[in-house]
Amino acid sequence: MGEEATSQAKHVAIIMDGNGRWASAKGLPRAIGHQRGVEAVRKLVRDVGQMGIECLTLYAFSSENWKRPEEEVDDLMNLMRKFIKSDLPEFIANDVRLKIIGDWQGLAPDIVTMLEDALERTAGGKYILAVALNYGSQQEIAAAAARAAAAGEVTADTIAAHLYTADLPPLDLLVRTSGEVRLSNFLLWQSAYAEMVFVDTLWPDFTPDHLQQALDDFAQRERRYGGR
Ligand code: IPE
Ligand code: IPE
Ligand code: MG
């Protein structure tokens, strides 16, 4: 029992990748892949409390994703609007506290307003769902270092204290779907000693069982943090 408790991942982050390839493989438009991706998120959020996870961080839109065709960016933003509207009551019912990381104030004003409302209405939740929107890790670190410098002292601790994730538990496990083995500017600082799991499953096919497998894998890892 005791051993299980120490190897439980508290903070899990996921790079949700492969929506486009999922759709292409089925001859469907990419937008359908993104829709199905939202359904995968929905199922996961329902189960996260039962998995012993305190914080789930999801990479939803990177600061580099603006490079995509305007139509795809619009589809993604519209999906976000729909998702917040439809799923906010369920977040509240599932004791989920929403957190947004990234430069989300730079999104469309109506989305910013919706997010502010969602943050306020989920503030009492127990399980943190941190969604990375317009997020770029290099930009996050640069801004944190600038703020640390302005406050007078630049150290690893003062930088960490200014990251978006300062109030979250340390990152235990990072999962990426779709077979890509890279971080794509996600949680670079926070991943210093995170365990990583890369799976071939495309995001729309990713289920709570897949996450449980990653957690089981994590439980077998020996974390040494440079010691021995
Ligand atoms: C992930 O799926 C969703 C976002 C990046 C918003 P992709 O759209 O990157 O899907 P692939 O990688 O092209 O298959
Ligand atoms: C990372 O996936 C961003 C999100 C999952 C939101 P990308 O599909 O944008 O990453 P690259 O371009 O393949 O590195
Ligand atoms: Mg991708």
Side-chain angles (χ1 to χ4, degrees), residues 11-45 48 55-87 98-108 111-112 114-115 128-142 163-165 168 171 173-191 194 196-208 210-211 214:
H11 184 178
V12 179
I14 309 182
I15 303 175
M16 311 184 288
D17 198 14
N19 294 349
R21 277 163 286 164
W22 183 92
S24 305
K26 294 185 155 48
L28 297 167
R30 289 179 69 88
I32 304 289
H34 293 313
Q35 272 177 36
R36 294 295 296 263
V38 170
E39 283 166 35
V41 171
R42 191 170 279 140
K43 286 186 197 130
L44 215 57
V45 174
V48 86
C55 176
L56 179 67
T57 300
L58 299 177
Y59 203 7
F61 193 87
S62 77
S63 43
E64 288 73 35
N65 286 147
W66 296 108
K67 293 179 195 163
R68 295 188 180 200
E70 200 181 321
E71 192 192 335
E72 181 168 358
V73 171
D74 286 349
D75 285 343
L76 287 166
M77 294 300 154
N78 285 330
L79 266 177
M80 209 178 306
R81 290 181 174 95
K82 266 170 80 177
F83 180 59
I84 306 165
K85 239 186 224 148
S86 59
D87 283 57
L98 189 68
K99 181 180 168 78
I100 312 292
I101 65 172
D103 187 12
W104 60 280
Q105 305 283 351
L107 298 173
I111 296 183
V112 173
M114 286 175 89
L115 290 173
I128 301 165
L129 174 67
V131 183
L133 291 176
N134 196 14
Y135 175 88
S137 188
Q138 291 180 335
Q139 297 88 323
E140 174 190 34
I141 294 166
L163 297 174
Y164 292 119
T165 51
L168 299 180
L171 183 62
L173 172 63
L174 181 97
V175 178
R176 183 169 187 150
T177 60
S178 88
E180 306 294 358
V181 185
R182 56 174 171 263
L183 295 178
S184 302
N185 205 14
F186 189 50
L187 302 180
L188 304 180
W189 181 286
Q190 296 86 343
S191 294
M196 301 198 184
V197 169
F198 295 93
V199 297
D200 287 336
T201 312
L202 300 173
W203 179 251
D205 291 329
F206 193 85
T207 63
H210 288 103
L211 182 57

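Computation of the quantities below employed the complete heavy-atom set of this structure, encompassing side-chain atoms and omitting hydrogens, waters and symmetry-equivalent molecules. Both ligands and their constituent atoms are indexed starting at 1 by order of listing.
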Any side-chain heavy-atom pair of [X] and [Y] under 4.5 Å:
| X | Y | value |
| --- | --- | --- |
| Ser178 | Thr201 | no |
| Asn19 | Leu202 | no |
| Gln139 | Asp103 | no |
| Lys82 | Met77 | no |

task = Test side chain to side chain donor-acceptor pair (under 3.5 Å) on Gln190 and His11 and set out the steps.
result = CA-CA 11 Å; Gln190 296 86 343; His11 184 178; over 6 Å; no
ask   = So, for Tyr135 and Phe186, is the gap between ring centers shorter than 6.0 Å?
value =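 Aromatic pair counts; centres sit under 6.0 Å.
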query = Any donor-acceptor pair under 3.5 Å linking the side chain of Trp203 with the backbone of Gly37?
reply =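 Here the side-chain-to-backbone pair exists.
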Within less than 2.8 Å of the Mg ion (ligand 3): protein N, O or S atom count =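 Protein heteroatoms (N, O, S) closer than 2.8 Å to the Mg ion (ligand 3) number 1.
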key: Carboxylate-amine/guanidinium contact Arg36 Glu39, below 4.0 Å   =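 So Arg36 pairs with Glu39 through a salt bridge.
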ask   = Is a salt bridge present between Arg30 and Glu71, judged by a nitrogen-to-oxygen distance below 4.0 Å?
value =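 No salt bridge links Arg30 with Glu71.
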task = May I ask you to check whether over 12 heavy atoms, not counting those of Lys26, lie within 6.0 Å of atom NZ?
result =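 Enclosed: over 12 neighbouring heavy atoms sit under 6.0 Å from NZ of Lys26.
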Check each N or O atom of ligand 2 against all protein N or O atoms and list the pairs under 3.5 Å, with atom names and distances to 0.1 Å, one per line.
residue, atom, partner, partner atom, Å
ligand 2, 8 (O), Asp17, OD1, 3.2
ligand 2, 8 (O), Arg68, NH2, 3.2
ligand 2, 9 (O), Asn65, ND2, 2.9
ligand 2, 9 (O), Arg68, NH2, 3.3
ligand 2, 10 (O), Arg176, NH2, 3.3
ligand 2, 10 (O), Ser184, OG, 3.4
ligand 2, 13 (O), Arg182, NH2, 2.8
ligand 2, 14 (O), Arg182, NE, 2.8
ligand 2, 14 (O), Ser184, OG, 2.6

Subset of ligand 1 atoms that lie under 4.0 Å from at least one heavy atom of His34 =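 Near His34, the atoms of ligand 1 are 3 (C), 8 (O).
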